[in-house]
Engineer: 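Before anything else, here's the structure in question.
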Amino acid sequence: MEFSIRSPSNIAFIKYWGQRNSSLVLPSNDSFSMNLSNCYTDITVERVEDPSVKEMIIKEFKTDEYTPATNAEMQKVLAYYDVAKKYLGVANDTGFRIRSANSFPKKAGIASSASFFSAMALAFTKIFGKDLDKKQLSILARLSGSGSACRSIPDGFSWWKASDNSEESYAESIEAPDYWDLRDIVLVLSFDEKKVSSAEGHQGAQTSRYFNIRQQALTSTLQETKNAFQMKDFTAFGTLIEQEAINFHSILMTQVPPLFFWSESTVRCIKEIVKLREDGLEGFFTIDAGENIHLICEGKNEAGFSEYFLKQEYVKEVIINSAAKGTHFL
Ligand code: DP6
């Protein structure tokens, strides 16, 4: 048995930061994201009868060759195999060979773990001979440890509900990809690997004295952002998600130990986006746990922004995304 899966990465407009339960990967708050059309992982999986065969090879962006996964990468896949086996209630072991390829540079600060583990959720379901609905598949993706992977399962724009109950914390599509002609223009400012993983970062979130204030404010922020989204009011929507990105980074900077991801280029880029906006080209930034910028704009302004940022020598790569469908078989 051999099959292929494509799964997108996603950008959160309202971020997941902090957990109610780390072993069950239950987030402190709801989050809301868009799947990315040009940042995805393709995996091809061969099911092997011999359970001792568990292999993975990886092809990096813009290379032609597949190379064996590192020990650390393999350990994560094997740990997730055990989680999936348990969640799916499977008794017998199985072997597999995986080929994985990303459509985007690995160290670009775009969550390759979200696209990879959402693809693996569907892959393990298939090799164990099970069939899950989208809700259960999203829960299984969440349990990979890369919680945001659960938002890559549904199509287009995803809403991940926070809950104390594992069966109630999953992502659902609130609109299809063609609902709104939005873009996420990823401005890669550095290919440096980040020193602290999100998994580690979540553990420290509650040490920020502003964490509870953020949590309280998020109830109305989430509602206002959803309203602006439903009304397709881009100015209101962009203003809210930009404020949210700054709010999220204030938590990072005030948790103990602090996480400070912004570089000189990040600040320069923020200022340029604000200036371009003042001059009439409307776009807003959001930033994940890294230094690269996600510039959110409407389709009509894509060319204006890409032409501008392609000319800036401090911008290493420009990746243009629209909203995309979720995890699916190829
Ligand atoms: C800042 O624990 O899902 O991107 O395993 O690296 O994908 P990875 O991270 P995860 O945390 C994501 C944190 C975030 C915000 C977000 O995507 O909601």
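All ligand and atom numbering here is 1-based and tracks the order in the structure. What you see is a predicted model; the values in this text were computed from it and never measured.
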Engineer: Between F229 and F13, is the gap from one ring center to the other below 6.0 Å?
Structural biologist: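 No, they do not, as the ring centres are separated by 6.0 Å or more.
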Engineer: Please identify which atoms of ligand 1 are closer than 4.0 Å to at least one heavy atom of H202.
Structural biologist: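 Matching atoms, with element in brackets: 2 (O), 10 (P), 11 (O).
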Engineer: Check whether any side-chain heavy atom of L189 lies under 4.5 Å from a side-chain heavy atom of I293, and answer yes or no.
Structural biologist: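 A side-chain contact under 4.5 Å exists here.
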Engineer: Would you check whether A289 reaches within less than 4.0 Å of ligand 1, judged by its heavy atoms?
Structural biologist: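 Yes.
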Engineer: Do the charged groups of E313 and K311 touch, with an N to O distance under 4.0 Å?
Structural biologist: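 Between K311 and E313 there is no salt bridge, as every charged N stays at least 4.0 Å from the carboxylate O atoms.
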Engineer: Which of the numbered atoms in ligand 1 are below 4.0 angstrom from a heavy atom of S146?
Structural biologist: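 In order of number, 3 (O), 5 (O), 7 (O), 8 (P).
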Engineer: Do the side chains of D155 and K325 get close enough for a salt bridge, i.e. N-O under 4.0 angstrom?
Structural biologist: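 Result for this pair is no, no salt bridge flagged.
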Engineer: Is there a polar contact between ligand 1 and S113, counting only N or O atoms under 3.5 Å apart?
Structural biologist: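 Yes, at least one N or O pair falls under 3.5 Å.
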Engineer: Can you name the atoms of ligand 1, numbered from 1 with element, that are less than 4.0 Å from a heavy atom of A12?
Structural biologist: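 Within the 4.0 Å cut-off of A12, ligand 1 contributes 16 (C), 17 (O), 18 (O).
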Engineer: Name the closest protein heavy atom to atom 3 (O) of ligand 1, giving the residue it belongs to and the distance to 0.1 Å.
Structural biologist: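 For atom 3 (O) of ligand 1, the nearest protein heavy atom is S148 OG, 2.7 Å.
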Engineer: Based purely on interatomic distance, does R151 place a nitrogen or oxygen under 3.5 Å from a nitrogen or oxygen of ligand 1?
Structural biologist: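 N/O-N/O distance below 3.5 Å exists for this pair.
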Engineer: Measure the distance from atom 9 (O) of ligand 1 to every protein heavy atom, then report the residue, atom name and distance (to 0.1 Å) of the closest one.
Structural biologist: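 The closest heavy atom on the protein side is S198 CB, 3.3 Å.
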Engineer: Side chain or backbone, does W17 bring an N or O within less than 3.5 Å of an N or O on ligand 1?
Structural biologist: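 No; every N/O pair is 3.5 Å or more apart.
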Engineer: Does a side-chain heavy-atom distance below 4.5 Å link M56 with F96?
Structural biologist: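 A side-chain contact is absent here, since even the closest heavy-atom pair is not under 4.5 Å.
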Engineer: What I'd like to find out is whether the side chain of L24 reaches to under 4.5 Å of the side chain of R142, using heavy atoms alone.
Structural biologist: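 L24 vs R142: side chains touch.
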Engineer: So that I know where these two stand, are W180 and F237 an aromatic pair - ring centroids less than 6.0 Å apart?
Structural biologist: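 Ring centres of F237 and W180 closer than 6.0 Å.
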Engineer: As an exercise, identify every atom of ligand 1 less than 4.0 angstrom from a heavy atom of F248.
Structural biologist: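 Taking each heavy atom of F248 in turn, ligand 1 has 1 (C) under 4.0 Å.
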Engineer: Salt-bridge test for E272 and R268: reply yes if a basic N is under 4.0 Å from a carboxylate O, no otherwise.
Structural biologist: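 Yes, this pair counts.
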Engineer: For N10, is at least one N or O under 3.5 Å away from an N or O on ligand 1?
Structural biologist: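 In fact, backbone or side chain, N10 has no N or O that close.
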Engineer: Could you tell me the residue and atom name of the protein heavy atom closest to atom 15 (C) of ligand 1, and the distance to it rounded to 0.1 Å?
Structural biologist: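 Going by distance alone, atom 15 (C) of ligand 1 is nearest to Y16 O, 3.5 Å.
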